[in-house]
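I have placed the structure first, in the form of C-alpha cells, so that the comments after it can refer back to it.
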Number of protein chains: 2
Amino acid sequence: MGRRKSYNRNELIAKAMTVFREHGFAGASADMLVEKLGVNRYSLYAEFGSKQGLFDAALERYEEEFVGRRFGPLERPDAGLNEIRALLAFYGERGPEAAGGLGCLLCNTAVEFGPLDPSGAGFVQAYFERLFSAFKTALSNAKAGGALRPGADIESEAGFFTSSVIGMFVMLRAKAPEAMLKGASNAAIAHLEWLRV
Amino acid sequence: MGRRKSYNRNELIAKAMTVFREHGFAGASADMLVEKLGVNRYSLYAEFGSKQGLFDAALERYEEEFVGRRFGPLERPDAGLNEIRALLAFYGERGPEAAGGLGCLLCNTAVEFGPLDPSGAGFVQAYFERLFSAFKTALSNAKAGGALRPGADIESEAGFFTSSVIGMFVMLRAKAPEAMLKGASNAAIAHLEWLRV
DNA sequence: TGTTTTTCAGAATGATCGTTTAGTTATATG
DNA sequence: CATATAACTAAACGATCATTCTGAAAAACA
C-alpha cells in the first residue's frame, strides 16, 4: 500500500467539464487542465489515460448531469407540454450573464468537431437523438392525452424545438444580445401554446 | 520591379474560408493553410500579417458573400414573409450531405470563441445583430403591409427565427439526423404561415 | 547583361503541445 | 524501524505551433 490519492476522480471530471466548456477541447491545454483541476499531470494521465480520455469522461458526465437534469423531465412517461414550456422558459430567462458564456458542452463539441468523432464514442449523435427523442416523447404524450392540436406533425415540431434550444445554446455561449434570447424563448413558448388545445 | 505574385489574394481568402469552416481557427495549422491554399508561408504572412489576420479576412468575406447571399433578401425594403420562408426552406432542404459538415463559419466561430473576441473586430456580434435585424425588417414590412397576424410580437418572432436557423447551422455542421433538420425547417415554416394573415 | 526588387522554397526560431520519465515523498504493512 | 508501493514534483521528450529568416529564383528596368 503506497501513497494515497489527494484528488477525487469525480471532482476532477466536474472541473474538467467547466474548462472544456469554456475553452473547447483544442483550446484547453494539458498545462491549463493541470492548473485548473489542481492535480499533477502524472495523476491526470494515470487516471484518464489521455487528454481525450478526460474529455470523454467530461462529455459523459455532462450528458448525465446537465442534459439529464434539463431534458429528463421531458422523458418521463407523464411528460407533456408543460415540461417543454418549463424548459424553454428556463433557457429564455437565463440571460447572457448566466453560465458565463459557456453554453452547452455537447453543443459546443458538435460545432468544434463537426462530423468527426475522434473518440468514436458517438456522444454528439447520442445527444442530438436524446434531445429530439425527448421532445417527441413529450409531444406524443400530449397528443395521446388529447392535449395537442390535431394535425400537429410531431416529428416536425420536435425538430423545431430541438433546433430552437440549440440556437439558444449558441446565443448563450456567445453572449448574444438578451433581446434575441428572450425573443427566441418567448416565441417558442407562444408556438407551444398554440399547439395546445 | 521584382518577382510577380503567383497567388491571388481573393482566391486565398476563399480557400481559407473553407479550411477555417471545416477545422475552426485552432484546428487549422499554418502548415495546413500553406498546403490547402497552395501558397508559401512567407507570402501568407506578408499578405495577411498573421494567421489571425487571415482568419479575420475570411470572416469578413464570409459575412459579405454567404450571409449576404442568404440574408440579403430579407434586408430589402420590400422583403416580407416570402423571403423568410425561402430562407427556411433553403436550409431545411439541404440535408446532412450538403456543405459537407461545414455549417456556418460565423456560427462556428461564435461557439469556438464564446464571448471572447481575439481580434476585437466584433464579427460575431455583428453577425447576430445582422440576422436578428434581417428577420425584424422582413417581419416589420409584413406588418406594415397588413400581412402579419395582429398581436404578433416582432422582437420575439425575430429572436425565434434567429435561434431556429442557428440551430439548423449546428445540425448541418454536425450532420445531425435529417429528420431533425427537415422537421425544424418544416415547423418553422408552418409557424411562419400561421403568422401570415 | 547587370542591377534592383519582390516572391518563393525551405529551414530555423522560440514557444507550446501531449505524454512520459526519474527522483522524491507519503503512506501502509511487517 | 525498514520495506514496498503508490502518488507527487519537476523535468524531459519528440512533435507541432506561429512566425521569421535566408538563400534562390523570377521579374522589370537601365
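Because only heavy atoms are used, hydrogens play no part in the values below, and waters and symmetry mates are left out as well, while side chains stay in. Reminder, nothing fancy here: chain letters follow the sequence lines and each chain counts from 1.
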Exercise. Taking protein heavy atoms under 4.0 Å as touching, what does nucleotides 16-24 of chain D look like 5' to 3' if B marks base contact, S marks sugar-phosphate-only contact and - marks none?
Worked result: -SSBBB---
Roughly how many Å is it from [atom1] in [X] to [atom2] in [N], rounded to a whole number?
X	N	atom1	atom2	answer
A:Leu33	C:dT19	CG	P	10 Å
A:Phe48	C:dT19	CZ	P	13 Å
A:Arg4	D:dA7	CZ	P	10 Å
A:Leu37	C:dG18	CG	P	13 Å
A:Glu35	C:dG18	CD	P	14 Å
A:Asn40	D:dA11	CG	C1'	13 Å

For this session: Please list all pairs passing the ring pair (Phe, Tyr, Trp, His ring centres under 6.0 Å) test where one or both residues lie in residues 132-159 of chain B, with sequence neighbours left out.
Result: B:Phe71-B:Phe135, B:Phe135-B:Phe161
For this session: Could you check A:Lys136, A:Lys143, A:His191 and say which one makes a side-chain hydrogen bond (donor to acceptor under 3.5 Å, both in side chains) with A:Glu157?
Result: A:His191
Problem set entry | Strand-adjacent residues in residues 6-18 of chain B, judged by heavy atoms under 4.0 Å from DNA chain D | none
Exercise. Would a 4.5 Å heavy-atom cut-off, applied to side chains only, mark B:Glu75 and B:Thr137 as touching?
Worked result: no
Exercise. Can you name the nearest heavy-atom pair linking A:Ile84 to A:Leu74, along with the distance?
Worked result: CG1-CD2, 4.0 Å
Exercise. Listed by chain and number, what are the salt bridge (Lys or Arg N to Asp or Glu O under 4.0 Å) partners of B:Glu63, not counting sequence neighbours?
Worked result: B:Arg130
Seminar exercise, completed: Distance col, row B:Tyr127:OH vs B:Cys107:SG, nearest 0.5 angstrom, shows 5.0 Å
Seminar exercise, completed: CD of B:Glu64 to CZ of B:Arg69, rounded to nearest 0.5 Å, is 12.0 Å
Exercise. On the ring face of A:Tyr62, is A:Arg21 found with NZ or CZ under 6.0 Å from the centre and within 45° of the axis?
Worked result: no
Exercise. B:Arg61 and B:Asn10: side-chain donor and acceptor closer than 3.5 Å?
Worked result: yes
Show every donor-acceptor pair shorter than 3.5 Å between a side-chain atom in residues 115-125 of chain B and any protein atom, with sequence neighbours excluded, or say none if there are none.
unit_1, atom_1, unit_2, atom_2, d
B:Asp117, OD1, B:Gly120, N, 3.3
B:Asp117, OD2, B:Ala121, N, 3.4
B:Asp117, OD2, B:Gly122, N, 2.8
B:Ser119, OG, B:Asp56, OD1, 3.2
B:Ser119, OG, B:Asp56, OD2, 3.2
B:Ser119, OG, B:Ala121, N, 3.4
B:Gln125, NE2, A:Ala174, O, 3.0

Seminar exercise, completed: Contact check, residues 54-62 of chain A vs DNA chain C, heavy-atom distance under 4.0 Å, returns none
Exercise. In terms of side-chain geometry, is the basic nitrogen of A:Glu193 or A:Arg85 positioned less than 4.0 Å from the acidic oxygen of its partner?
Worked result: yes
